[in-house]
> 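Take this structure, written in structure tokens, and hold onto it; I'll ask about it next.
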Amino acid sequence: MASGFGVDVGGSGIKGAPVDLDTGRLLAERVRVETPQPATPEAVISVVGQVLGDSTGRFGLTLPSVVVDGTALTAANIDPSWVGTDVRSFVQAAAGREAVVVNDADAAGVAEVRFGAAQGVRGTVLLLTLGTGIGSALFRDGELVPNTELGHLELDGHEAEHRASDAARKRHDLSWEQWAQRLNAYLTHVDLLVRPDLVVLGGGVSKKADQWLHLLDVRPPVRPAGLKNDAGIVGAALLAAG
Ligand code: BGC
């Protein structure tokens, strides 16, 4: 059995676990440590060390940033000091082992395409994670087009993630109907840009799909994510395995 290790860095928690790369199952209960505040690179990387525990070998690390060649280029919902940080070199030096660093939504999408709601789906697949922000992962015939960042599209004069994320739903105290209206407008806009054959909606809110899925009224088929909260960990481990 091939195994790997994935660590998913989020705004509230840093989570990691060993992953069975053949099935996408976690091989042990995931470890979760609160994200330190301020979530500077130094503070976060020190927690990543705790989450890695006594695991060995190459691992995957996600960040809610555009990540090109191991370097973070944006920091929408994390400390601005990440911008320009060569995260791969930094985390490899701290952990003393090889790492692959990727955008969090891209990692979750890779897991959904391999083992979850988009398994075996050809054509254009778009995963959107609806959490603190909105993350996106775009695939064509199973191949990832990284760092698409469709959460930052404009919606009604605002950034889409400030209007239609799960955090926006809570912050503005929206009913499911009100939130679904915003999501419909957002998904229609995204449809005009990439014409997906399937949209997978992930993030914490995918666990409550019975509340909102029936309220969506858009052209592309929409499915809730299959791997729920573990998708980032699983995808990070898969990407680290190459
Ligand atoms: C970030 C993305 C990230 C998404 C979900 C956005 O604010 O720009 O990189 O994937 O949040 O965490």
Side-chain angles (χ1 to χ4, degrees), residues 6-16 32 34-35 37-39 41 44 47-48 60-85 87-88 91 100-113 116 118 125-139 144-155 158-171 179 182-183 186-187 189-190 193-194 196 199-207 224-225 227-236 238-239:
V7 181
D8 194 19
V9 174
S12 59
I14 299 175
K15 300 151 275 179
R32 182 183 187 282
E34 294 286 306
T35 304
Q37 297 303 335
V44 167
V47 171
V48 168
L61 178 77
T62 79
L63 276 184
S65 310
V66 170
V67 182
V68 175
D69 236 349
T71 295
L73 299 188
T74 63
N77 288 310
I78 51 170
D79 197 80
S81 57
W82 285 90
V83 176
T85 300
V87 183
R88 182 174 54 209
V91 74
V100 166
V101 184
V102 292
N103 171 261
D104 57 354
D106 283 345
V110 164
E112 289 295 333
V113 164
V125 170
L126 180 67
L127 169 102
L128 295 169
T129 60
L130 307 166
T132 309
I134 295 181
S136 63
L138 182 67
F139 295 83
L144 174 67
V145 182
N147 293 312
T148 44
E149 294 287 329
L150 298 183
H152 299 289
L153 291 174
E154 191 185 306
L155 181 65
H158 301 269
E159 276 197 58
E161 71 173 17
H162 296 157
R163 302 271 305 160
S165 63
D166 194 34
R169 178 182 69 82
K170 292 177 183 153
R171 194 170 52 241
W179 182 66
R182 292 184 179 194
L183 205 49
Y186 175 57
L187 293 176
H189 187 41
V190 167
L193 291 174
V194 296
V199 176
V200 176
L201 296 180
V205 79
S206 60
K207 282 185 281 190
L227 282 93
K228 311 279 174 348
N229 278 338
D230 295 333
I233 296 175
V234 174
L238 285 170
L239 284 161

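In what follows, residues are counted from 1 in the order of the sequence shown. Just so you know, these numbers come straight off a predicted model, no measurement behind them. In each ligand, atom 1 is the first atom listed, and ligand 1 is the first ligand listed. Heavy atoms only: backbone and side chains are in, while hydrogens, waters and symmetry mates are out.
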> Could you tell me the residue and atom name of the protein heavy atom closest to atom 11 (O) of ligand 1, and the distance to it rounded to 0.1 Å?
Glu161 OE1, 3.7 Å
> When rounded to the nearest 0.5 angstrom, what distance separates CG in Asp8 from CD1 in Ile14?
9.5 Å
> Please list, in number order, the atoms of ligand 1 under 4.0 Å from a heavy atom of Ala76.
7 (O), 8 (O)
> Do the side chains of Asp69 and Arg88 get nearer than 4.5 Å, heavy atoms only?
yes
> Where do Leu61 and Val9 land on the side chain to side chain contact (heavy atoms under 4.5 Å, CB included) test, with the steps shown first?
CA-CA 7 Å; Leu61 178 77; Val9 174; 3.8 Å; yes
> Which residue and atom name correspond to the protein heavy atom nearest atom 3 (C) of ligand 1, and how close is it?
Asp104 OD1, 3.3 Å
> Just which atoms of ligand 1 are under 4.0 Å from any heavy atom in Gly135?
4 (C), 5 (C), 10 (O)
> Of Asp106, Leu73, Leu138, which meets side chain to side chain contact (heavy atoms under 4.5 Å, CB included) against Asn147?
Asp106
> Using a 4.0 Å cutoff against the non-hydrogen atoms of His152, which atoms of ligand 1 qualify?
1 (C), 6 (C), 7 (O), 8 (O)
> Could you tell me if any non-hydrogen atom of Ser65 lies under 4.0 Å from any atom of ligand 1?
yes
> With a 4.5 Å cut-off on side-chain heavy atoms, are Asn77 and Pro64 touching?
no
> Taking 4.0 Å as the limit for heavy-atom contacts, which would you say applies to Ser136 with ligand 1: side chain only, backbone only, both, or neither?
neither
> May I ask whether Asp106 has any heavy atom positioned less than 4.0 angstrom from an atom of ligand 1?
no
> Side chain, backbone, both or neither: which part of Pro64 has a heavy atom under 4.0 Å from ligand 1?
both
> Compare all side-chain heavy atoms of Val199 with those of Leu201 and state whether any distance is below 4.5 angstrom.
yes
> Around atom 9 (O) of ligand 1, find the nearest protein heavy atom and jot down its residue, atom name and distance.
Glu149 OE2, 2.6 Å
> When you compare the side chain of Val48 with that of Val91, does any pair of heavy atoms fall below 4.5 Å?
yes
> Report yes if some heavy atom in the side chain of Val44 is under 4.5 Å from a heavy atom in the side chain of Ile78; otherwise report no.
no
> Quick check: does Asn103 get an N/O under 3.5 Å from an N/O on ligand 1?
yes
> Does some side-chain heavy atom of Val102 sit less than 4.5 Å from a side-chain heavy atom of Val110?
no
> Asn77: heavy atom below 4.0 Å from ligand 1, yes or no?
yes
> Return yes or no for this condition: an N or O of Thr74 is under 3.5 Å from an N or O of ligand 1.
no
